[in-house]
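Predicted model only: the values in this text are computed from it and were never measured. Atoms within a ligand are numbered from 1 in the order they appear, just like the ligands themselves.
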Amino acid sequence: MAPSPPIDAAAADPDPPPSRPTDAPAPITVPSPRAHLHHLLDRRDTPRGTAWEPVRAMDGTAAALAAKPEAKLVAGEAGYVLEDVPHVSDYLPDLPTYPNPLQDNPAYSVVKQYFVDPDDTVCQKIVVHKGGSRGNHFRRAGPRQRVYFESDEVHACIVTCGGLCPGLNTVIREIVCGLSDMYGVTKILGIQGGYRGFYARNTINLTPKSVNDIHKRGGTILGSSRGGHDTMKIVDSIQYRGINQVYVIGGDGSQRGAGVIFEEVRKRGLKVAVAGIPKTIDNDIPVIDKSFGFDSAVEEAQRAINAAHVEAGSAENGIGLVKLMGRYSGFIAHYATLASRDVDCCLIPESPFYLEGEGGLFRYIEKRLKDNGHMVIVVAEGAGQKLIAENMKAMGQDASGNALLLDVGLWLSQKINEHFKKNKTTINLKYIDPTYMIRAIPSNASDNVYCTLLAHSVVHGAMAGYTGFTVGQVNGRHCYIPFYRITEKQNKVSITDRMWARLLSSTNQPSFLSKQDVEEAKMEDERTAKLLDGSPSNPKA
Ligand SMILES: Nc1ncnc2c1ncn2[C@@H]1O[C@H](COP(=O)(O)OP(=O)(O)OP(=O)(O)O)[C@@H](O)[C@H]1O
Ligand SMILES: O=P(O)(O)OC[C@H]1O[C@](O)(CO)[C@@H](O)[C@@H]1O
Ligand SMILES: [Mg+2]
């Protein structure tokens, strides 16, 4: 049965995309994803001199793999496990390969070993103990000697989804320039307005010229959105337009969306590489060292904290309260506090706090005002949500299903004001909410470089035929990570970690933690460590 037209009539733009080409490839029936577990020995990238075998064949792994049917695990010697990403040849076995055009590129000709050795992998766990688990490895990113797409065959598209983040435009620019400069690709489409743009909006042509200075602007030139992920319509659109490389720049939700697009593409047997570039200002994506834009956000947050400090220091019993982004993970607040040194108290979602009584926030504020005359509080937007919910009705969900948060900054301002009024103490509280101003800035210099490297790494991966993967920096090296690894849990500030202790010791704030909180936090850390150690992803551990 012919699939429906790519544009949703109800949401369509006046200018529809091209109709289905008559020579569009017929869908190919492929075996189920589980069957691909047997395609573990990549003919091109099989590490040399290693006794490789599918982990599936080893004892005690069936249960672990049943939990992760999409896992593509390959075992080596001495407990080595490669957690590999899919490849188009897994389901289209007889594809031709081509020499990488980079070999004739004068700019790269001087690089000593330009192509990545097929044996190279990056270990997830960098600190190991004698006799302990080694953790899994990921395939190292970078250009391969042979590629699966000819330059003029490539028809790439880029989409940005979810909330804004500094660096989005830099990643777009560098995917376009990377494809063009390194691989001679000329057909690159921008999908407008997030996932729904595949079927409800026009596309725009992206060229090195059209993206030349976009990295100097905040936001995304393509637009973004929440919700609207309709897998069938998206893949229909990909198929009709003849797109064969899909680059998804987005957070955990977007990467989940990319994962289901990849599954549908594979089911239809299309030669299409689906690749993700993780984006999250909250830094809540696990496995990777940090997300692009995070440093820029922390830097920009300093301006708000400085302002709060100046205001607080210039008034009698001045309190500067700054709200920063961080829905479930308080990394921006944590790092902005550590960087500033002007903050007396940092509140994050991971560390519950309370207001009244011994060890509570009010006692601490009273003490700081008495000792110092003023103070600065930084609060992540997701902090104290349970406390607030005791007084206010929950706000529901956004179009992507994310919980809408109650405004902790306003609530806290009101509570602090009420408390001191009751105690007949004059205070001057100034509440600053710079959240969207921070999110909307262009990326700083170091994020620009980071975005460039991520973009080039993802392009190399797609050109080499890898698919169903996210690019990421792990322990300082770029690698290809299966989608499920970065969506199975969220990265959170560990309050039993030395980094949070550093913050507590620099602010001198109370920890607000009961024995039970600490026990729960430790258990959570253990669960995270187990995930890192392997089970169920690494049955060897
Ligand atoms: N489980 C899922 N399956 C398919 N699509 C999804 C899924 N979760 C989210 N999406 C889609 O991904 C897009 C972005 O999701 P979301 O709004 O949660 O932002 P995000 O990518 O997590 O970024 P951030 O939270 O950092 O702003 C939306 O279009 C949403 O419909
Ligand atoms: O207002 P929006 O676009 O839903 O975004 C708000 C959310 O997006 C984030 O910036 C994540 O992208 C969160 O920190 C924040 O809660
Ligand atoms: Mg998200």
Is the shortest N/O to N/O distance between [X] and ligand 1 below 3.5 Å?
{"X": "Arg256", "value": "no"}
{"X": "Gly162", "value": "no"}
{"X": "Gly163", "value": "yes"}
{"X": "Gly227", "value": "yes"}
{"X": "Tyr195", "value": "no"}
{"X": "Asn402", "value": "yes"}
{"X": "Asp398", "value": "no"}
{"X": "Ile281", "value": "no"}

Heavy-atom nearest neighbour in the protein, as seen from [atom], with distance rounded to 0.1 Å:
{"atom": "atom 16 (P) of ligand 1", "result": "Ser400 OG, 3.4 Å"}
{"atom": "atom 19 (O) of ligand 1", "result": "Arg226 NH1, 3.2 Å"}
{"atom": "atom 21 (O) of ligand 1", "result": "Ser254 OG, 2.4 Å"}
{"atom": "atom 9 (C) of ligand 2", "result": "Arg439 NH1, 3.7 Å"}
{"atom": "atom 22 (O) of ligand 1", "result": "Asp252 OD1, 2.5 Å"}
{"atom": "atom 1 (O) of ligand 2", "result": "Tyr436 OH, 2.4 Å"}
{"atom": "atom 7 (C) of ligand 2", "result": "Arg327 NH2, 3.5 Å"}
{"atom": "atom 4 (O) of ligand 2", "result": "Arg226 NE, 3.0 Å"}
{"atom": "atom 11 (C) of ligand 2", "result": "Asp282 OD2, 3.7 Å"}
{"atom": "atom 7 (C) of ligand 1", "result": "Gly253 O, 3.6 Å"}

Is any NZ, NE, NH1 or NH2 atom of the basic residue among [X] and [Y] found under 4.0 Å from an Asp or Glu carboxylate oxygen of the other?
{"X": "Arg327", "Y": "Glu381", "answer": "no"}
{"X": "Glu263", "Y": "Lys267", "answer": "no"}
{"X": "Arg241", "Y": "Asp236", "answer": "no"}
{"X": "Arg173", "Y": "Asp213", "answer": "no"}
{"X": "Asp407", "Y": "Lys323", "answer": "yes"}

For the residue pair [X] and [Y], confirm or rule out a side-chain donor-acceptor distance under 3.5 Å.
{"X": "Thr280", "Y": "Asp282", "result": "no"}
{"X": "Glu174", "Y": "His456", "result": "yes"}
{"X": "Asn417", "Y": "Tyr431", "result": "no"}
{"X": "Tyr328", "Y": "Gln385", "result": "no"}
{"X": "Asp252", "Y": "Thr487", "result": "no"}
{"X": "Glu264", "Y": "Thr231", "result": "no"}

Practice item. Look at ligand 1 and say whether Lys279 reaches it with a heavy atom at a distance under 4.0 Å. Key: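 Yes; Lys279 lies near enough to ligand 1 that a heavy-atom distance drops under 4.0 Å.
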For the student: nearest non-hydrogen atoms of [X] and [Y], plus distance:
{"X": "Thr160", "Y": "Gly223", "answer": "OG1-O, 2.8 Å"}
{"X": "Ile288", "Y": "Val474", "answer": "CA-CG2, 4.4 Å"}
{"X": "Ile249", "Y": "Ile158", "answer": "CD1-CG2, 3.8 Å"}

Exercise for review: Would you kindly specify which portion of Asp284 sits under 4.0 Å from ligand 1, judged on non-hydrogen atoms: side chain, backbone, both or neither?
Suggested key: neither
Review point. With the Mg ion (ligand 3) as the point of reference, which N/O/S atom of Asp252 is the closest?
Key: OD1
Check your understanding: Looking at Gly251, which atoms of ligand 1 are within less than 4.0 Å of one of its heavy atoms?
Key -> 20 (P), 21 (O), 22 (O), 23 (O)
Which of the numbered atoms in ligand 2 are below 4.0 angstrom from a heavy atom of [X]?
{"X": "Gly326", "answer": "14 (O)"}
{"X": "Ile281", "answer": "10 (O)"}
{"X": "Met325", "answer": "10 (O), 14 (O)"}
{"X": "Glu381", "answer": "13 (C), 14 (O), 15 (C), 16 (O)"}

Point to revise | the Mg ion (ligand 3) to nearest N/O/S of Asp284 less than 2.8 Å | key: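 No.
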Check your understanding: For atom 5 (N) of ligand 1, which of Met325, Gln255, His229, Arg327 has the closest heavy atom?
Key -> His229
**Study point:** Evaluation steps, side-chain contact (heavy atoms from CB on, under 4.5 Å), between Tyr364 and Asp344
**Key:** CA-CA 9 Å; Tyr364 178 58; Asp344 301 280; 3.9 Å; yes
Exercise for review: Take the angle between the ring planes of Phe331 and Tyr335 and call it parallel below 30°, perpendicular above 60°, tilted in between.
Suggested key: tilted
